[in-house]
Participant: 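Below is the structure I would like to discuss, written out as structure tokens.
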There are 2 protein chains.
Amino acid sequence: MRNNTIGSLIWLRLMRFTNQSNQMSNDFLKRFDLTTAQFDVLMQISVYQPLTQMELAEKVTVTQGGISRMLVRLENEGYIVRKQDWKTKTIRLTAKAEAILEQAMPEQLAFQTSFFDDVLNHEEQTTLYTLMTRVHKHSQKKELPPE
Amino acid sequence: MRNNTIGSLIWLRLMRFTNQSNQMSNDFLKRFDLTTAQFDVLMQISVYQPLTQMELAEKVTVTQGGISRMLVRLENEGYIVRKQDWKTKTIRLTAKAEAILEQAMPEQLAFQTSFFDDVLNHEEQTTLYTLMTRVHKHSQKKELPPE
DNA sequence: CACAATCATTTGATTAGTCAAGTTATAAAA
DNA sequence: TTTTATAACTTGACTAATCAAATGATTGTG
């Protein structure tokens, strides 16, 4: 036992870091009455609106069921409206959401950025970004190994 | 709007990648009737057993409530036993869990490793690991910015 | 027109987690 | 010895997600 590869160490680091920074982000966004997941969804809508639930689900890598439930919550809070439009539902932000995002977006951006700016110089950040981009893109076309 | 920093791009990449690879790992571990979270917890127990719930919660960065619920599920499945021992509960793996882990561990390790081995050479992996280690360690002593 | 096909969304059952209030077990003080 | 403190754990109410089966909406075809 206890036979770690470098890859498995990276994997664990990534999991622990994203888990932790996600919690911190939730804490941070409390001042806007938002969770990280909600902020993420609202951001995507703000960039791509109007769009359908399927399109949105793909952008935030969540299943259709997941996006359906999330949108019910966001609708109840008055952040979005959905209109049955042909056979799909079209999603748009409300004025309330636009106003909150305008405030929250720059702050959340600065918050995210601080995780890296504080410890890595620009070159190191570029390296990290390109390495992770390669890893991510590769994983997207990866197949499950046979049993 | 749309004013991305490099840091925010890295953040998003990390979130999407861990989210996706976590789902793939869940898929992969189905052959052992385990989820990624369960595998993670069982691994930590196997390394540090016997240990208390508090200690375990800290190792997997989950709250005490979270670990309590997870251990109830693992106990119902017969993977662990808890003994009230002084004022704490001491956790140990059952023979069933030990047997499954012995099989699953090398396969899961290889699975995790393949995300990186396929696209990064050894030097790049070392770089990625050191960069992420710095970022992670920094985040652990980070404080929430004032309101 | 009615009926099947198909795409988009919802929903029930479950896992996984959070926070904060409530229990339980042990130790110490009155 | 009854109370009080405290550390460890559980629990209720909730967010967030998954899968797979059910429901809606629209378009063809017989």
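Keep in mind that the numbers below use all heavy atoms, side chains included, and drop hydrogens, waters and symmetry copies. Proteins get letters first, then strands, A, B, ... in listed order; numbering begins at 1 in each.
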Participant: At under 4.0 Å between heavy atoms, what does B/Thr35 touch on the DNA or RNA strands: base, sugar-phosphate, or nothing?
Facilitator: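 Contact class for B/Thr35: sugar-phosphate only.
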Participant: Starting at CG of B/Asn22 and ending at P of C/dG17, how long is that distance when rounded to a whole Å?
Facilitator: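 Atom-to-atom, B/Asn22 to C/dG17, this comes out as 10 Å.
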Participant: Give a yes or no on whether the backbone of B/Asn121 and the side-chain of B/Glu124 come within a donor-acceptor separation of less than 3.5 Å.
Facilitator: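 Yes: the side chain of B/Glu124 pairs with the backbone of B/Asn121.
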Participant: Let's test your reading of the model: under 3.5 Å, does the base of C/dT14 pair with the side chain of B/Arg73 as donor and acceptor?
Facilitator: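 Such a pair does not exist between side chain and base.
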Participant: Check the distance between D/dA16's P and B/Asn26's CG and give it to me in whole angstrom.
Facilitator: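 It is 19 Å, rounded to the nearest whole Å.
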Participant: Whole angstrom is fine here: how far is it from CE in A/Met70 over to P in C/dT10?
Facilitator: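 Taking CE of A/Met70 and P of C/dT10, I get 14 Å after rounding.
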Participant: When the distance from CE of B/Met54 to P of C/dT24 is rounded to whole Å, what number comes out?
Facilitator: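 About 19 Å, once rounded to whole Å.
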Participant: Phosphate oxygens OP1/OP2 of D/dT18: is one of them under 4.0 Å from a side-chain N or O of A/Thr63?
Facilitator: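 Affirmative; the distance criterion is met.
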Participant: Heavy-atom nearest nucleotide on DNA chain C for A/Gln23 versus A/Glu55: which residue maps closer to 5'?
Facilitator: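 Per heavy-atom nearest nucleotide, the more 5' residue is A/Glu55.
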Participant: A/Thr90 and A/Arg82: side-chain donor and acceptor closer than 3.5 Å?
Facilitator: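 Result is no, nothing qualifies.
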Participant: Report the distance from atom NZ of B/Lys83 to atom P of C/dT24, rounded to the nearest whole Å.
Facilitator: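 Interatomic distance, NZ of B/Lys83 to P of C/dT24: 22 Å.
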Participant: Parallel, tilted or perpendicular for B/Phe17 and B/Phe115, by the 30°/60° rule?
Facilitator: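 Ring orientation of B/Phe17 relative to B/Phe115: perpendicular.
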Participant: Taking the six-membered ring where the residue is Trp, are the ring centres of A/Phe32 and A/Phe39 under 6.0 Å apart?
Facilitator: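 Between A/Phe32 and A/Phe39, the centre distance exceeds or equals 6.0 Å.
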Participant: Hey, does the side chain of B/Arg82 come within less than 4.0 Å of D/dT10's phosphate (OP1/OP2), counting only N and O?
Facilitator: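 B/Arg82 to D/dT10 OP1/OP2: side-chain N or O found under 4.0 Å.
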Participant: Please report, rounded to the nearest Å, how far the C1' atom of D/dT18 is from the CG atom of B/Leu29.
Facilitator: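 Going from B/Leu29 (CG) to D/dT18 (C1'), I get 15 Å.
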Participant: Suppose we call a contact any N or O donor and acceptor under 3.5 Å apart; does that hold for the side chain of A/Arg69 and the base of D/dT18?
Facilitator: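 Result: at least one qualifying N/O pair found.
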Participant: Return the 5'-most residue of the pair A/Val72, B/Gln38 with respect to DNA chain C, ranking by each residue's nearest nucleotide.
Facilitator: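 Its nearest nucleotide being more 5', the pick is A/Val72.
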Participant: Side chain of A/Val62, heavy atoms from C-beta onward: which of C/dT9, D/dC9, D/dT18 has the nearest atom to it?
Facilitator: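 From the listed options, D/dT18 comes nearest.
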Participant: Can you tell me how far C1' of C/dA8 sits from CD1 of A/Ile91, to the nearest Å?
Facilitator: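 About 11 Å, once rounded to whole Å.
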Participant: Just the rounded figure in Å: distance from P of D/dT10 to CG of B/Leu56.
Facilitator: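 Computing the B/Leu56:CG to D/dT10:P distance gives 12 Å.
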Participant: Apply the test side-chain contact (heavy atoms from CB on, under 4.5 Å) to residues A/Phe28 and A/Glu107: give CA-CA distance (whole Å), side-chain angles for both, the deciding distance (0.1 Å), then the verdict.
Facilitator: CA-CA 9 Å; A/Phe28 177 69; A/Glu107 292 198 40; 4.0 Å; yes
Participant: Could you check whether B/Gln64 gets within reach of a base, just the sugar-phosphate, or nothing at all, counting any heavy atom under 4.0 Å?
Facilitator: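 Touches a base.
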